[in-house]
Amino acid sequence: MTVTQKLILFVSVGFALVLLAAFLPVLSATWRGALVIGGGWLMAIGGLFQVKEFSLRRDVAYYVMLALVGLYWVALLGITFYWLATLAGWI
């Protein structure tokens with residue numbers, strides 16, 4: 001698989017998981033949260049492949065994408081740790 005195909009695959013599957021969580025109100029909040037966070041992580045991995053695509057030419061778009069993907073990863077780490085702490089009963 002090429003990098004572009006991996007990017008499309010990870011982002012598509014991640015987006016599908018988020019949509020699945022949105023349209024399945026039958027699931028409990030825990031499982032819906034797991035689907036949303038799992039989909040978010042798949043999209044974050046897709047963001048890394050996007051950075052790899054931009055790394056071939058080191059222009060402004062590469063550094064902007066690097067900053068945005070880094071911000072996305074930090075935010076997703078915070079959300080994941082908060083969600084896990086809530087499930088563990090620490091919050």
Side-chain angles (χ1 to χ4, degrees):
M1 285 182 92
T2 65
V3 175
T4 305
Q5 290 172 335
K6 289 177 187 175
L7 163 69
I8 292 170
L9 176 71
F10 276 97
V11 171
S12 297
V13 172
F15 192 69
L17 286 179
V18 172
L19 283 177
L20 187 67
F23 290 114
L24 281 179
V26 175
L27 296 176
S28 68
T30 303
W31 285 106
R32 290 173 75 185
L35 282 174
V36 169
I37 291 175
W41 277 111
L42 286 174
M43 287 188 272
I45 293 169
L48 289 180
F49 286 119
Q50 184 71 35
V51 168
K52 187 173 181 178
E53 280 288 319
F54 279 119
S55 70
L56 299 175
R57 50 190 168 93
R58 301 241 176 191
D59 57 353
V60 175
Y62 168 73
Y63 293 108
V64 169
M65 183 59 70
L66 192 62
L68 290 176
V69 169
L71 182 66
Y72 186 75
W73 272 74
V74 168
L76 200 54
L77 277 171
I79 291 168
T80 302
F81 287 141
Y82 178 78
W83 182 71
L84 290 173
T86 303
L87 287 178
W90 297 336
I91 295 177

> For the backbone of Ile37 and the side chain of Trp83, can you confirm whether one donor and one acceptor N or O come within less than 3.5 Å of each other?
no
> Any side-chain heavy atom of Leu17 within less than 4.5 Å of one from Val36?
no
> Nearest 0.5 Å, what's the CG-CH2 distance between Leu48 and Trp73?
5.0 Å
> So do the side chains of Gln5 and Ile8 get within less than 4.5 Å of each other, counting heavy atoms only?
no
> Are the side chains of Phe54 and Leu66 in contact, using a 4.5 Å heavy-atom criterion?
no
> Could you state whether Phe49 and Met1 fall into the same hydrophobic cluster, counting links through intermediate Ile, Leu, Val, Met, Phe, Trp or Tyr residues with side-chain heavy atoms under 4.5 angstrom apart?
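Both belong to a single hydrophobic cluster.
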> If we only count heavy atoms from C-beta on, is the Leu7 to Val3 side-chain gap below 4.5 Å?
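Leu7 vs Val3: side chains apart.
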> How long is the span from the CG atom in Leu77 to the OH atom in Tyr72, to the nearest 0.5 Å?
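Here the interatomic distance stands at 11.0 Å.
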> Sequence neighbours left out, what passes side chain to side chain donor-acceptor pair (under 3.5 Å) with Thr4? Give chain and number order.
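Residues passing side chain to side chain donor-acceptor pair (under 3.5 Å) with Thr4: Glu53.
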> Using the rule given for side chain to side chain contact (heavy atoms under 4.5 Å, CB included), can you reason through Thr80 versus Trp41, listing the C-alpha separation, both sets of side-chain angles and the distance that settles it, and then say yes or no?
CA-CA 9 Å; Thr80 302; Trp41 277 111; 2.9 Å; yes
> Ala21 and Leu35: which non-hydrogen atoms are nearest, and at how many Å?
CB-CB, 3.7 Å
> How far apart are the C-alpha atoms of Gln50 and Val69, what are their side-chain angles, what is the distance that settles it, and do they pass the side chain to side chain contact (heavy atoms under 4.5 Å, CB included) test?
CA-CA 9 Å; Gln50 184 71 35; Val69 169; 5.6 Å; no
> Between Leu20 and Arg32, is any pair of side-chain heavy atoms under 4.5 Å apart?
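With C-beta onward as the side chain, the pair stays apart.
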> Starting from Ile79, can I reach Leu68 by hopping between I/L/V/M/F/W/Y residues whose side chains sit under 4.5 Å apart?
no
> What heavy-atom pair brings Ala44 and Leu76 nearest, and what distance separates the two atoms?
CB-CD2, 4.0 Å
> What closest approach, in Å, do Val18 and Met43 show between heavy atoms, and which atom pair accounts for it?
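Reported closest heavy-atom pair: CG2-CE, 3.8 Å.
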> Any non-hydrogen side-chain atom of Phe15 less than 4.5 Å from a side-chain atom of Leu42?
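Side chain of Phe15 against side chain of Leu42, heavy atoms only: no contact under 4.5 Å found.
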